[in-house]
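Data first, discussion second: the structure below is written as structure tokens.
Positions are given from 1, in the same order as the sequence printed here. The analysis underlying the following values was restricted to heavy atoms, covering all of them including side chains, and did not include hydrogens, waters or symmetry mates. Order of listing sets the numbers, starting from 1, for every ligand and every atom in it.
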Amino acid sequence: MAEKHFKYVILGGGVAAGYAAREFVKLGLNPGELAIISKESVAPYERPALSKGYLFPQDVHNLSFAKLTIYSMVLQDYQGFMSVLAVAEKDCFQNGMLRKDITFMAGIELMLGTEIVKADLASKTLTSAADVIIKYDILIIATGSTVIRLSDFGVQGADANNIFYLREIDDADKLVAAIHAKKDGKAVIVGGGYIGLELGAALKINNLDVTMVYPEPWCMPRLFTAGIAAFYEGYYANKGIKIIKGTVAVGFDSDANGDVTAVKLKDGRVLEADIVVVGVGGRPLITLFKGQVEEEKGGIKTDGFFKTSIPDVYAVGDVATFPLKLYNEQRRVEHVDHARKSAEQAVKAIKAAEEGKPIEEYDYLPYFYSRSFDLSWQFYGDNVGDTILFGDNDPTSAKPKFGTYWIKEGKVVGVFLESGSPEENKSIAKVAKLQPPVQDPEQLEKEGLAFASKI
Ligand SMILES: Cc1cc2nc3c(=O)[nH]c(=O)nc-3n(C[C@H](O)[C@H](O)[C@H](O)COP(=O)(O)OP(=O)(O)OC[C@H]3O[C@@H](n4cnc5c(N)ncnc54)[C@H](O)[C@@H]3O)c2cc1C
């Protein structure tokens with residue numbers, strides 16, 4: 001049985017892994033000290049691009065996957081990388097900007113296509129599916145999330161061909177192949193969250209006839225208010241996307257080849273389909289560590305340095321349930337901004353501990369965003385309490401711009417903004433962080449974005 005030993009091991013090869021690796025290099029890493037173990041066959045990359053630029057129709061697959069790679073971060077050209085990153089998701093498949101030679105990664109062992117099937121935290125040992133033993137001094141768990149599948153609930157016919165889920169590059173590649181094979185065909189999107197909305201747009205841009213189905217009264221109900229959702233639903237309808245709410249997919253028909261042909265809805269309707277994309281949520285991948293490490297709220301419990309209850313074991317990104325200082329509670333956050341920042345914090349903490357230096361605890365302001373068609377929204381803070389909608393949220397406007405404030409106990413605690421400029425987005429982030437008091441909600445509604453700009 002092959003055995004390897006590393007000072008640092010990052011288990012998982014996604015967003016958090018890439019940012020952790022970059023931070024290690026930044027703070028000083030000797031060759032051979034770090035291994036990244038990933039069951040994906042490619043280097044860490046910016047996962048959000050999979051539901052955006054990666055699916056755009058400009059023959060994207062002629063450009064190599066390397067454009068997505070965040071190894072370019074480890075070039076130690078931080079400023080250069082950040083400017084590339086800023087445009088990466090929009091443009092990465094339309095030009096060669098991120099195409100990089102990754103040989104500079106020499107010194108970091110990339111164990112790709114390697115699935116860890118056993119983790120023994122007591123003996124600091126990981127075992128791969130191919131029976132390779134990997135020992136570590138310090139482990140960073142960055143296994144992220146996996147999708148919830150309709151077949152998990154025994155939905156009839158859910159194993160038919162051309163029913164897709166989107167989490168990894170392989171999923172996106174299969175979807176792109178189906179988009180080409182089913183040119184101008186019919187697509188049904190099951191789910192009205194992030195993935196549903198972004199995929200609905202991406203498939204429409206690819207000229208498919210798109211119908212979205214979700215059980216809730218409006219899309220993205222975990223974040224959007226009815227007022228916010230009405231804009232996106234109207235906008236999507238104007239783009240020709242049909243939306244069916246208040247029902248769920250209960251079965252699928254397929255042809256003799258096993259290809260999906262129709263989606264059966266609970267309300268009795270049957271929708272023709274050449275492609276189905278399901279986005280009904282995810283769950284953190286922590287089963288490897290069950291019973292070995294303290295858990296909370298469905299994730300691995302950490303402190304403000306992403307240390308778990310087991311010495312020398314850190315957890316970052318989607319799997320970590322960490323102290324969210326601003327709200328004085330433990331939270332798990334499944335968003336890319338936190339994946340990046342938690343990874344950097346964990347590596348800073350590891351390095352500081354080695355040098356006997358203190359660092360500040362993680363002080364995170366929740367930040368989520370999404371893009372589809374020409375739209376782009378950002379949200380900062382907490383979506384709790386009363387809401388005030390402001391601005392132009394008419395989906396037929398040439399340049400809609402609107403937002404929402406969430407007010408709890410007389411203070412603004414969360415802000416959403418569609419089509420904000422970089423300065424405006426900065427100002428709503430500041431509001432969410434500073435939580436200014438609101439004396440007069442009517443005045444706030446009148447002021448709208450101007451309120452944030454004054455803070
Ligand atoms: C299509 C899509 C679009 C998204 N868009 C947005 C967005 O617009 N905005 C936003 O804020 N967030 C978005 N997200 C969420 C964001 O990408 C995640 O929160 C982020 O990727 C989490 O980073 P992570 O490193 O914790 O996990 P991941 O990036 O998922 O990486 C986990 C890695 O661990 C590997 N792994 C897991 N188990 C094992 C094992 N046993 N052995 C070996 N390897 C293993 C996986 O293969 C994967 O490579 C999106 C997610 C998806 C899937």
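Asp274 contributes a side-chain N or O that, together with a main-chain N or O of Lys186, makes up a donor-acceptor pair within less than 3.5 Å. Remark: the backbone N or O of Phe305 is paired with a side-chain donor or acceptor of Asp303 at under 3.5 angstrom.
Ring centers of Trp218 and Phe231: at least 6.0 Å apart, outside the cut-off.
Ion pairing of Glu334 with Arg283 is absent here, as no side-chain N (NZ or NE/NH1/NH2) approaches a carboxylate O to less than 4.0 Å. A salt bridge between Lys242 and Asp209 is present, with a side-chain N of the basic residue lying under 4.0 Å from a carboxylate O of the acidic one. Ion pairing between Arg47 and Asp171 fails under the 4.0 Å rule for side-chain N and carboxylate O. Using a 4.0 Å cut-off between charged nitrogen and carboxylate oxygen, Glu115 and Lys39 do not count as a salt-bridge pair.
Polar contact with ligand 1: absent for Leu50 (N/O pair, distance under 3.5 Å). In terms of polar-atom proximity, defined here as any N/O pair under 3.5 Å, Lys39 does make such a contact with ligand 1. The shortest N/O to N/O separation between Arg47 and ligand 1 falls below 3.5 Å. Here's the thing with Arg167: one of its N/O atoms is less than 3.5 angstrom from an N/O atom of ligand 1. Looking at Tyr194 next to ligand 1, no N or O pair under 3.5 Å apart turns up. Checked against a 3.5 angstrom limit, the closest N/O atoms of Leu288 and ligand 1 fall outside it. Checked by distance only, ligand 1 and Phe368 stay at 3.5 Å or farther apart across all their nitrogen or oxygen atoms.
The ligand atoms of ligand 1 that sit less than 4.0 angstrom from a heavy atom of Leu285 are 37 (C), 38 (N). Every atom of ligand 1 is numbered from 1 in the order shown, and the set under 4.0 Å from a heavy atom of Ala339 is 22 (C), 23 (O). Counting the atoms of ligand 1 from 1 in the order shown, those under 4.0 Å from a heavy atom of Glu40 are 47 (O), 48 (C), 49 (O). Atoms of ligand 1 lying under 4.0 Å from any heavy atom of Ala142, numbered from 1 in the order shown and given with element: 32 (C), 33 (C), 34 (O). Below 4.0 Å from some heavy atom of His335 lie the following atoms of ligand 1, by number and element: 10 (C), 11 (O), 12 (N), 19 (O). When each atom of ligand 1 is checked for a heavy atom of Thr114 under 4.0 Å away, the hits are 42 (N), 43 (C). Of all the atoms in ligand 1, the ones that sit under 4.0 Å from a non-hydrogen atom of Ser51 are 1 (C), 2 (C), 3 (C). Distances below 4.0 Å separate heavy atoms of Gly317 from the following atoms of ligand 1: 26 (O).
At a 4.0 Å heavy-atom cut-off, ligand 1 touches Glu198 through the side chain alone. If you look at Glu168 next to ligand 1, the close heavy atoms, those under 4.0 Å, all belong to the side chain. Looking at Tyr367 against ligand 1, nothing comes within 4.0 Å, counting heavy atoms. Residue Pro48 touches ligand 1 through backbone and side chain together, judged by heavy-atom distances below 4.0 Å. Heavy atoms from both the backbone and the side chain of Thr143 come within less than 4.0 Å of ligand 1. Neither the backbone nor the side chain of Thr146 has any atom closer than 4.0 Å to an atom of ligand 1 (non-hydrogen atoms only). At a 4.0 Å heavy-atom cut-off, ligand 1 touches Glu334 through the backbone alone.
When the side chain to side chain contact (heavy atoms under 4.5 Å, CB included) test is applied to Glu295, the partners found at least two apart in sequence or on another chain are Ile286, Lys290. In this structure, Lys408 has no salt bridge (Lys or Arg N to Asp or Glu O under 4.0 Å) partners at least two apart in sequence or on a different chain.
Using a non-hydrogen distance threshold of 4.0 Å, Lys52 registers as a contact of ligand 1.
Ring planes of Phe402 and Phe416: tilted class, angle from 30 to 60°. Ring geometry for Tyr364 against Phe322 counts as perpendicular: the plane angle is over 60°, on a 0 to 90° scale with 30° as the lower cut. The aromatic rings of Phe224 and Trp377 stand perpendicular to each other, their planes meeting at an angle above 60°, with 30° marking the opposite boundary.
Considering Arg331, Glu329, Glu294, Arg332 in turn, Arg332 is the only one that fulfils the side chain to side chain contact (heavy atoms under 4.5 Å, CB included) rule with Thr321.
Between the side chains of Tyr235 and Glu233, no donor N or O sits under 3.5 Å from an acceptor N or O.
Across Val336, Leu11, Asp318, heavy-atom proximity to atom 22 (C) of ligand 1 is greatest for Asp318. Considering each of Gly144, Gly279, Ala172, Gly13, the one bringing a non-hydrogen atom nearest atom 33 (C) of ligand 1 is Gly13. Proximity annotation for atom 2 (C) of ligand 1: of Ile195, Leu166, Val319, Ile195 comes nearest, heavy atoms only.
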**OP:** Start with the C-alpha gap between Arg371 and Leu375, add the side-chain angles, then the distance that decides, and say whether side chain to side chain contact (heavy atoms under 4.5 Å, CB included) holds.
**Re:** CA-CA 6 Å; Arg371 284 200 290 273; Leu375 305 173; over 6 Å; no
